[in-house]
Structures are given as C-alpha cells and as structure tokens.
Amino acid sequence: MLADRQILLIIGGGIAAYKSLDLIRRLRERGAGVVPVLTRAGQEFVTPLTVSALAGRKVFQDLFDLTDEAEMGHIELSRAADLVVVAPATADLMAKMAGGHANDLASTLLMATDKRVLIAPAMNVRMWDHPATQRNLATLRGDGILIVGPDEGVMACGEFGPGRMAEVPQIIAAIEGALSAGPLAGRHVLVTSGPTHEPIDPVRYIANRSSGAQGTAIAAALRDLGARVSFVTGPASVPPPAGVEVVRVETAAEMLKAVEAALPADAAVFAAAVADWRVSNAAGQKMKKDGAGGLPALEFAENPDILATVSRMSEGRPKLVVGFAAETHDVERHATEKRARKGCDWIVANDVSPGTGIMGGTENAVTLITAEGPEAWPRLSKDETARRLAARIASALG
Ligand code: CTP
C-alpha cells in the first residue's frame, strides 16, 4: 500500500523526534519515499545529517534557501507528496497551523499544500491539556487535519499522562488509512446547512436559530470518507469545513438555485433550516415608522420546498435523498409522515423540545427513518452523529 507513495515528513522540535528517525526507516522499508523537512527546533533534537542519511535524500530546512527554491519551490514541495505528516507535532506547530501562520518552511508548506495532513502530537501533559492546545486541536479537526495519538504514559520529562507521541506502528497505520481511498471516493454529495435569511427590507430579515453545526459536521464526515462535497450554506454561525466546495446563500430561493446548480450528485443531505415563508412585499428601502403609530403589514408567500423539489425530480434525482425533521413531540410519527410527504429516502429526526439542549448545542439524539422504519440512535456528539450518518450513506451507495 505504501509502495511508491511520497510522504512529506515535517519533523518538529521535540524529544520524540528520535522516533521519527525510525519512522523514516519503516516507511522506506515499505517502499515509500520520504521527503524530510526539519524545523529549526527539530535540529536541536536530531541532526540534518542523520535525517538525510536515513531518508536517502536532502533534508529541507529553510524557506529562503535559494538553491531549494531553484530546485523545487515550496509550493511544489508541498504538493508533490501524497500525504504530509507532522511528527512530532509540537504545541507550537499545532498553534501555527491553527492560526494559519506561514513564517518558516514547515508552516508555509502546511499552508500551501493541497494534500491531506496527518499530525502526531507530542508534548508535556500540561501543554496537551492546556485550553489553548485543546482549542487548536478542535480547530485542526474542523479543518480536516488527521490526528494520531498522543498516547498516555510516562514522558521524557518524568510526568505521566497524555502527550507522548504515538508509536511508529500506530503512525504507519494512520498513514496507510489516510492514503487508502475512502468508501465515498469518486462520489459527489450535496449538503445544505444553516438558516436562511428572508428580507423584510434592506436591513431587516426573518431568520431562525440554526447554527449550521450539524450540517457542517456532516459535510466534514462525508469529506473524510473521500466524497467530493458541495456545501450550500445559509448565514451560519459556525464556519464551513475546509476541503469542501462552499456556496454561500441567504434566502430559500437562492438556496434552491444553488442546489440545482450543484446537481447532479450521488446523494443529497438537506440539513438546512429553511424558512417556510418569505415576505412577499419586502420593501426596497428601509421601512420607517410613520409617526402615527401604524404598524407595517407584512405579507407572506410560501418558499419552495427544496427537499421535496429534489426528492421528486423525474430526471437526475440523487440516488439517496436525506431530509431532516425538527420535532418537539411524537417525533417518530411526525418524521415518518414527513418522509412520505416529501418523497425523500431517509429522514433524520431530532427531538428539539426545549429541555433537550439540542438546538444550538453540541449533542444530538436522532431517530433515522428509512423505508424499514425508525431506528433510534443514542445521544451522541454532533460530530459522532455525522460520522455515523456518513458511514450509512457510504454503505447505502455501495
Ligand atoms: N426543507 C427544505 N426547503 C424548505 C423547507 C424545508 O429543503 N423550504 C427541508 C429541510 O432542509 C429539512 C426538511 O425539509 O431537511 C424539514 O422539513 P420541514 O417541513 O421544514 O420540517 P420542520 O422544520 O421539521 O417543520 P414542520 O414541523 O413545520 O413540518
């Protein structure tokens, strides 16, 4: 599996850098080529000579090394590989990645690459547990960065806990996983997400409380299984995931247009909380109080139902159409009826009754309604719910 694959290996400055020397050997034993990059801090732990001797080629160290630029520019270097691996990934390197810094060769390569990135964090347990590192970790996960480890155990500094770099066989397994084509490779999946904004006048609009968190997590999980994802999003409060094609819209009508333009797709997931109505007499200018106490008379028109429109397409309908239902009571019954009414294949129903904390929260408890009937899933994080749904979509598409 690793034969003839090229790994760009960035070695950060941590005591675990000694394990990366073994990693180079084991990768080469399996037929992979290793292009090594050593950060300035990394050079304090292992020498460029050792790294290049093991890799069997020159080690790259400096962004402004003109010979390197003449031989191979940093953009090319970052893209010629099949996978970028950062081992050890120090707290500092993770912070740079999360912050989008590009002030040395390693961080510039990580910003410029169009390949998947796998990091093997290694640091003192307190540094790992620090809110800043955990915040950066969450950001990196959201950006689609793959993470292996860290392990728990006695550390070089004498403390005990999570922070020790994963062992070489574990890193090799993660590299193999990252290089294997996911079950959705070659598939195109469309995802709608977020709320819509329906204007009342140029400064006011009707909206809802959807954060876009579940739709974003679903798009990321589908991407992680290898799908090409078109992500049509209303004005959500969470940023869209990296590595998907983002189309930003405001209104339901714009969302329908964007969805139609993104088709054909193998599957479509409609996670957006689309406004059912729009203001049909929206004003072209800001509405003013008339001073006489008169209230504006808003008139409403029904918005197109995007899920039903796509579900009922006679030509080019995605093989699998998945809708969502937000219910506060009789969840199964309402969602089963909704599935039939809209003509979609599956409905992901969530109980959004006030005490659940689901709307706007980080967890979800869903019931999946398919032709076979309802299936209650346990209460899970929105990320885990998304991963389960993505795996189900992959097996349904076969
Ligand atoms: N949907 C859509 N276009 C609309 C309205 C809804 O695509 N104009 C989709 C949503 O993305 C979601 C599902 O339809 O997948 C939800 O249907 P909806 O009828 O809006 O259900 P609820 O919001 O659960 O509302 P209600 O209880 O009013 O039926």
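Remember, it's 1-based here, ligands and their atoms both numbered in the order they're listed. For this chain, numbers begin at 1 and follow the sequence in order.
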With under 30° as parallel and over 60° as perpendicular, where do the rings of His334 and His329 fit, or are they tilted in between? perpendicular
Steps toward salt bridge (charged side-chain N to carboxylate O under 4.0 Å, His left out) verdict (Glu254, Lys257): CA-CA 5 Å; Glu254 287 168 14; Lys257 255 196 197 154; over 6 Å; no
For Ala326, state whether at least one heavy atom is located under 4.0 Å from any atom of ligand 1. yes
Numbering the atoms of ligand 1 from 1, which are under 4.0 Å from a heavy atom of Asp276? 5 (C), 20 (O)
If you scan the protein for heavy atoms around atom 23 (O) of ligand 1, do you find one that is closer than 4.0 Å? no
Checking a contact table here: which protein heavy atom is nearest atom 21 (O) of ligand 1, and how many Å away? Lys338 NZ, 2.8 Å
Under 3.5 Å, N or O to N or O, is Ala325 touching ligand 1 that way? no
Heavy atom of His334, distance to ligand 1 below 4.0 Å: no
Salt bridge between Arg312 and Asp305, side-chain N to carboxylate O under 4.0 Å? no
Show me which atoms of ligand 1 lie under 4.0 Å from any heavy atom of Pro304. 3 (N), 4 (C), 8 (N)
Salt bridge flag under 4.0 Å for residues Lys96 and Asp104: yes
Answer yes or no for Met255: is there a heavy-atom contact with ligand 1 below 4.0 Å? no
Residues Asp224, Arg116: salt bridge by 4.0 Å N-O rule: yes
Ranking Asn208, Leu256, Ile306 by closest non-hydrogen atom to atom 3 (N) of ligand 1, top hit is Ile306
Under 4.0 Å from a heavy atom of Gly323: give me the atoms of ligand 1 that qualify, with their elements. 15 (O)
